[in-house]
Amino acid sequence: MILDTETLGILSRAIEKLAEGFEQLPALAPAHPSAAADLERVLLEVAGRMQDNYPYMHPYYAGQMLKPPHPVARLAYSLALFINPNNHALDGGIASSAMEKEAVAEIAAMFGFPADHHLGHLTSGGTMANLEALWVASRLQPGKLIVASSQAHYTHSRITSVLGIPYAAVDADALGRMDLAHLRLLLQQGNVGTVVVTLGTTSTGSVDPLPEILALREDYNFRVHVDSAYGGYFKLVDNLDDHAARAYAMTSQVDSIVVDPHKHGLQPYGCGCVIFKDPACGALYKHDSPYTYFSSSQLHLGEISLECSRAGASAVALWATQRLLPLVPGGEFARGLSEARQAGMEFYEKLRADGRFIAPLRPELDIVVYAVRAETASRASALAREVFEEAAAQNLHLALATLPAALFRQVAVGADLDWDQENITCLRSCLMKPEHHTYMNEIWEILGCATDNCLGRSGASGSTFLRAL
Ligand SMILES: *Cc1c(COP(=O)(O)O)cnc(C)c1O
């Protein structure tokens, strides 16, 4: 079976152990006395509806940024749901709040922040985590501009508009990274309070030049917020190229950082994380409690979070995952990420060696974007959409991304394309699962077959072009 149910016996035993903690109470009749047969009927109906999904758990899903949770996370989350703790306050979740603090301290340590001197918590996701970081930034530097690259996540401009903070986009260069010359220009114009640095952009996995951006702080006074919602965990791997490795080596120098355990951290959705280097910024969250509250060891998570109710189950799942797979270089978790990166590199090499494709960017992490070669950008875009459909019909699920012509024009591989439009629709594969590496040959074979079918169908001009290659 494609979905793993072998571990359900463990869940049952864990629930029995959990129930032992409440044995002093009189037994309860079920609060919702629906007949088991009714429950089953509805659940089977749900199962039928849920079949209408792409197979995210399978390596043949090689499209969007989706990765299945680890079995331990799934089990711990389900187990916690029998309590359903609320990590707003200790009243709502005693153990799960402690677990949140411990898990977040481990993530902070991964980035090089002292485990006992930082301020951080989990959020419902990366958008909320970034919102908190930019809210703190704007409170510390009222009226000042927040800037992020044009390849930064689209939510930054929306977040700043929600918060009423002035925002400007910095150009991206041919590799999808923040353009330093343009950033310097904006800094010279003054009034930049915060630079958002993306380690792993969502569309191409590009890594902004963090060391060079930090060096600019010698001449200009600004905060650095790192958005590594997708890329943060690559801090742990040993097979990055030089540029990315140098950037990840500097994470301890930044003011705040975001990572999404629900992206590369093997967690169910609803788990982002924001960490501030200076615990004193916790005071900003508070209206009436003394500042000292935040340096006490009795941190109350609800007092340092913009969200009120938060799923304690998320913290429990994350804690359990980190218990099983500690966040250390060389560990099993890190090896899984290295393997995903390896899959990305191998896929890229195959694309580069094959005349049917154009792969403009050597992947920095595990995202690969590639176009189908054609005479014109519009024809290549149409072909990408056809290959997307044809591959799906053969059980291989890819994603589409529209990229600016600039990304291709400046690299030799795109030089022979007739740019009849300013952007190009490409295929995009986030090769986030270690199994993508094991299944690389099968993935490649289906892609090749789907592409041949589309090119074959595309008629005389397409095949003339292929013969000319
Ligand atoms: C996914 C992502 C976000 C948004 O995070 P959500 O968890 O989807 O809200 C922000 N920034 C980057 C770089 C991302 O990849």
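Hydrogens, waters and symmetry mates play no part in the numbers below; they use all other heavy atoms, side chains included. Read the numbers this way: they start at 1 and go in the same order the structure lists the ligands and their atoms. FYI, the numbering just counts along the sequence from 1.
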Open item on the list: With respect to D260, determine whether any N or O atom, backbone or side chain, lies less than 3.5 Å from an N or O atom of ligand 1.
Closed with: yes
Open item on the list: Ring centres under 6.0 Å, that's the criterion: do Y233 and H264 meet it?
Closed with: no
Task: Where ligand 1 meets G125 - atom numbers and elements under 4.0 angstrom, heavy-atom basis - done: 7 (O)
Task: N or O contact, M65 vs ligand 1, cut-off under 3.5 Å - done: no
Task: 4.0 Å heavy-atom contact, H262 with ligand 1 - done: yes
- [ ] Mind telling me whether Y54 and Y61 have parallel, tilted or perpendicular rings, with 30° and 60° as the class edges?
- [x] tilted
Open item on the list: Against F357, only a single residue in F347, Y348, W444 fulfils ring-ring contact (aromatic ring centres under 6.0 Å, His included); can you say which?
Closed with: W444
Open item on the list: Just to be sure I read this right, does ligand 1 sit under 4.0 Å from the backbone of N130, its side chain, both, or neither, counting only heavy atoms?
Closed with: side chain
Open item on the list: Suppose I only count heavy atoms of A229 and a 4.0 Å limit; which atoms of ligand 1 are within that range?
Closed with: 2 (C), 3 (C), 10 (C), 11 (N), 12 (C), 14 (C)
- [ ] Could you list which atoms of ligand 1 come closer than 4.0 Å to a heavy atom of T202?
- [x] 12 (C), 13 (C), 14 (C), 15 (O)
- [ ] Could you check atom 11 (N) of ligand 1 against the protein and tell me its nearest heavy-atom contact, residue, atom and distance included?
- [x] D227 OD2, 2.7 Å
Open item on the list: Tell me whether ligand 1 is touched by K263 - counting only heavy atoms on the residue side and a distance under 4.0 Å.
Closed with: yes
TODO: Could you list the atoms of ligand 1 found under 4.0 angstrom from a heavy atom of Y230?
DONE: 15 (O)
